[in-house]
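Note that the structure is predicted; figures quoted are calculated from it, not measured.
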Amino acid sequence: QVHLVESGGGLVQAGGSLRLSCEYSDTTFNGYVMGWFRQAPGKEREFVAALSWDGGLTDYSDSVKGRFTISRNNANKVVYLQMHSLKPEDTAVYYCAARHTFNKSIYYSNMQEYDYWGQGTQVTVSS
């Protein structure tokens, strides 16, 4: 069982930056693919970014590519989402997700591939 806790959300003006954190805890030494997703009011949850277990592979949605960066610190079991040049359309609840893997060089962009989810953190970008 993996427990995920997101933090770092808040209110920011357009053009600003935020860094989200996701701390994950489990009772094993398993590896995990990590992802960030978001859900705006009235919309479906959508993929934002994903990161392989070893941190060597990343994937981003076209809407955030070049503005957001996903990274991880496996020793501290934390995954980050650094967000720059935020836009009002980035406003959403951001969710961290994890999937166990034995493959260090794989990531998943499909929401259905993930087994564990955090409770989410609200990001609001004002115009």
Side-chain angles (χ1 to χ4, degrees):
Q1 188 68 23
V2 178
H3 185 57
L4 306 173
V5 179
E6 302 97 335
S7 62
L11 174 64
V12 63
Q13 288 188 333
S17 299
L18 279 176
R19 188 177 78 162
L20 305 183
S21 299
C22 172
E23 296 184 39
Y24 62 97
S25 60
D26 67 344
T27 58
T28 72
F29 293 99
N30 289 330
Y32 294 93
V33 171
M34 303 299 293
W36 285 96
F37 293 78
R38 67 186 183 186
Q39 187 167 17
K43 295 187 177 180
E44 294 185 351
R45 193 171 298 189
E46 64 176 6
F47 169 72
V48 175
L51 181 64
S52 60
W53 177 16
D54 66 358
L57 293 178
T58 58
D59 190 28
Y60 298 92
S61 68
D62 288 342
S63 61
V64 307
K65 199 170 295 183
R67 300 188 297 122
F68 292 11
T69 302
I70 186 171
S71 61
R72 68 192 300 163
N73 182 324
N74 285 344
N76 294 330
K77 295 188 176 182
V78 182
V79 177
Y80 303 100
L81 185 68
Q82 179 68 56
M83 306 184 293
H84 293 299
S85 302
L86 283 162
K87 305 174 182 179
E89 51 263 44
D90 294 318
T91 295
V93 177
Y94 283 70
Y95 296 92
C96 177
R99 170 176 168 151
H100 169 246
T101 181
F102 291 111
N103 187 335
K104 292 185 177 182
S105 298
I106 194 170
Y107 60 78
Y108 301 101
S109 307
N110 190 325
M111 185 170 59
Q112 283 70 31
E113 297 284 357
Y114 289 86
D115 301 314
Y116 305 100
W117 293 84
Q119 293 299 308
T121 184
Q122 176 71 46
V123 172
T124 303
V125 185
S126 63
S127 58

Inset, instruction - Look at the side chain of N76 and the backbone N and O of V78, then say whether any donor-acceptor pair between them is shorter than 3.5 Å. - result: no
Legend entry - Under 3.5 Å donor-acceptor, T91 side chain and T124 backbone: no
Legend entry - Heavy atoms of other groups near K65 NZ, more than 12 under 6.0 Å: yes
Inset, instruction - Mind listing the closest non-hydrogen atom pair of Y108 and F47 along with its distance? - result: O-CE1, 4.1 Å
Inset, instruction - Measure the OG-CH2 distance between S105 and W53 for me, rounded to the nearest 0.5 Å. - result: 10.0 Å
Inset, instruction - Calculate, to the nearest 0.5 Å, the distance between atoms CG and CD1 belonging to L20 and I70 respectively. - result: 10.5 Å
Inset, instruction - Of all the heavy-atom pairs spanning A14 and S127, show the shortest one and how long it is. - result: CB-CA, 4.3 Å
Legend entry - Atom of W36, atom of S21 and distance for their closest heavy-atom approach: CH2-O, 3.8 Å
Legend entry - Min side-chain heavy-atom separation L51-Y60 under 4.5 Å: no
Inset, instruction - Evaluate the criterion side-chain hydrogen bond (donor to acceptor under 3.5 Å, both in side chains) for residue pair R19 and Y80; output intermediate values, then yes/no. - result: CA-CA 7 Å; R19 188 177 78 162; Y80 303 100; 4.5 Å; no
Inset, instruction - Work out which heavy atom in H100 is nearest to a heavy atom in D115; give both atom names and the distance. - result: N-OD2, 4.2 Å
Inset, instruction - Take V48 and L81 through the side chain to side chain contact (heavy atoms under 4.5 Å, CB included) test and state the conclusion after the steps. - result: CA-CA 9 Å; V48 175; L81 185 68; 4.1 Å; yes
Inset, instruction - Could you tell me whether the side chain of R99 and the main chain of V33 form a donor-acceptor pair under 3.5 Å? - result: no
Inset, instruction - Using the six-membered ring of W117, assess whether NZ or CZ of R45 lies under 6.0 Å from its centre and within 45 degrees of the ring axis. - result: yes
Legend entry - Side-chain donor/acceptor of S52 to backbone N/O of L57, under 3.5 Å: yes
Legend entry - Trace of the side chain to side chain contact (heavy atoms under 4.5 Å, CB included) decision for E46 with Q39: CA-CA 6 Å; E46 64 176 6; Q39 187 167 17; over 6 Å; no
Inset, instruction - Please answer whether the main-chain N or O of V125 pairs with a side-chain N or O of D90 as donor and acceptor at a distance below 3.5 Å. - result: no
Inset, instruction - Flag yes if Y107 and Y94 sit in one hydrophobic cluster, no otherwise; membership is Ile, Leu, Val, Met, Phe, Trp, Tyr, and two members link when side-chain heavy atoms are under 4.5 Å apart. - result: no
Inset, instruction - Please work out whether the ring planes of Y114 and F37 are parallel, tilted or perpendicular, with thresholds of 30° and 60°. - result: perpendicular
Inset, instruction - To the nearest 0.5 angstrom, please state how far the SG atom of C96 sits from the CD atom of Q119. - result: 11.5 Å
Legend entry - Closest non-hydrogen atom pair, S17 against H84: OG-ND1, 2.7 Å
Inset, instruction - Taking the six-membered ring for Trp and the single ring otherwise, decide whether the centroids of Y24 and Y116 are under 6.0 Å apart. - result: no
Inset, instruction - I would like to know whether E6 and Y95 meet side chain to side chain contact (heavy atoms under 4.5 Å, CB included); could you show each step before the answer? - result: CA-CA 7 Å; E6 302 97 335; Y95 296 92; 4.1 Å; yes
Legend entry - Candidate pair L18 and V123, rule side chain to side chain contact (heavy atoms under 4.5 Å, CB included), full reasoning: CA-CA 9 Å; L18 279 176; V123 172; 3.9 Å; yes
Inset, instruction - Examine the side chains of T101 and N103 and answer whether a donor and an acceptor come within less than 3.5 Å of each other. - result: no
Legend entry - Shortest non-hydrogen separation from M34 to V79 and the atoms involved: CG-CG2, 3.4 Å
Inset, instruction - Can you measure from CD (E44) to CE (M111) and round to the nearest 0.5 angstrom? - result: 7.0 Å
Inset, instruction - Report the distance from atom NZ of K104 to atom CG of N74, rounding to the nearest 0.5 Å. - result: 9.5 Å
Inset, instruction - Supply the atom-to-atom distance E23 CD to S7 OG, rounded to the nearest 0.5 angstrom. - result: 6.0 Å
